[in-house]
Amino acid sequence: LCVCVIVGVLFFRFQKFFLLEIFDPTYLKSRGFNPALYQTVFLLLVVACLVVSFQTNGTLLAMGQLILPAIISRLWGRSPNQIYLFAIVISCIGSTLGLYLAFEFNWPLGPTTLILWGIGYVLSLIFHPHQGLISNTFRKKHYEL
């Protein structure tokens, strides 16, 4: 919990610099900041999350728990703040529902949450209103009559 709080506070404190470092490190450097410092801080935050997850879940589950909510939220969010919010909400819903299902059916917790997030990702790919499989299948192409 302590690592989660520290990572969350540091991430939201330096979020603007992280975005600048990702998309335009030259601009960040021209403003007098050190892009390598922010890249290092960002990587340290990711490593801190992974180390805590490795202790509880193992390698594959830790990577899945780090990546799947972010991928799902990237499909639905339009701005970085929406993506952050969706990732948090998706993580909380998947973890809570996974905990309930794991307790109710005596399943392992980590794989249960990953399966739920995997199902959420597949459903997002199919039913997304703009980029989904169904909307792309039935959308009329601009060159068709």
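What you see is a predicted model, and the numbers here were worked out from it, not measured in a lab.
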- Message: Checking V51 against V47 for the side chain to side chain contact (heavy atoms under 4.5 Å, CB included) test, could you report, in this order, the C-alpha distance in whole Å, the side-chain angles of both residues, the deciding distance, and whether it holds?
- Response: CA-CA 6 Å; V51 167; V47 167; 4.0 Å; yes

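- Put simply, the side chain of S30 gets close to the backbone of Y27: a donor and an acceptor are under 3.5 Å apart.
- The minimum heavy-atom distance linking G64 with L114 is given by the pair C-CD2, 3.4 Å.
- Under the 4.5 Å side-chain criterion, counting only non-hydrogen atoms from C-beta, L66 is not in contact with S53.
- Considering every non-hydrogen atom in both L75 and S124, the closest pair reads CD1-CB, 3.7 Å.
- For N106, there are no side-chain hydrogen bond (donor to acceptor under 3.5 Å, both in side chains) partners at least two apart in sequence or on another chain.
- S73 contributes atom OG, which lies 10.5 Å from atom CG of L68 (distance to the nearest 0.5 angstrom).
- The same ILVMFWY cluster, assembled from side-chain heavy atoms under 4.5 Å apart, contains both F14 and L19.
- Of all heavy-atom pairs between L50 and M63, the closest is CD2-SD, 3.6 Å.
- With rounding to the nearest 0.5 Å, the separation of CG in L116 from OG1 in T112 is 7.0 Å.
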Name each donor-acceptor pair under 3.5 Å that joins a side chain in residues 88-103 to protein atoms two or more places apart or in another chain, with its distance.
{"from": "S91", "atom 1": "OG", "to": "A87", "atom 2": "O", "distance (Å)": "2.8"}
{"from": "S95", "atom 1": "OG", "to": "S91", "atom 2": "O", "distance (Å)": "2.8"}
{"from": "T96", "atom 1": "OG1", "to": "C92", "atom 2": "O", "distance (Å)": "2.7"}

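- Two different hydrophobic clusters hold L10 and I83 under the rule that ILVMFWY side chains link at heavy-atom gaps under 4.5 Å.
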Acceptor/donor pairs from residues 31-43 side chains to any protein atom, 3.5 angstrom cut, sequence neighbours excluded:
{"from": "N34", "atom 1": "OD1", "to": "A36", "atom 2": "N", "distance (Å)": "3.2"}
{"from": "T40", "atom 1": "OG1", "to": "A36", "atom 2": "O", "distance (Å)": "2.7"}

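- A distance of 4.5 Å separates CD1 of I134 from CZ of F127, quoted to the nearest 0.5 Å.
- Cluster membership check: I22 shares its hydrophobic cluster with L20, using side-chain heavy-atom separations under 4.5 Å among Ile, Leu, Val, Met, Phe, Trp and Tyr.
- Note that OH of Y84 is 7.5 Å distant from CZ of F12, once rounded to the nearest 0.5 Å.
- Grouping the Ile, Leu, Val, Met, Phe, Trp and Tyr side chains by contacts below 4.5 angstrom, directly or via other members, places L109 apart from I115.
- Here the CG atom belonging to L60 is positioned 10.0 Å from the CZ atom belonging to F54, to the nearest 0.5 angstrom.
- In the hydrophobic clustering of ILVMFWY residues, with side-chain heavy atoms under 4.5 Å counting as a link, I126 and W76 come out apart.
- In this structure, CG on L123 lies 13.0 Å from NE2 on H128, to the nearest 0.5 angstrom.
- The closest side-chain heavy-atom distance from C49 to V3 is not below 4.5 Å.
- Nearest heavy-atom pair, Q65 versus T113, reported as atom, atom and distance to 0.1 Å: NE2-OG1, 3.6 Å.
- Shown here is F11, whose CZ atom has more than 12 heavy atoms of other residues, nucleotides or ligands within 6.0 Å.
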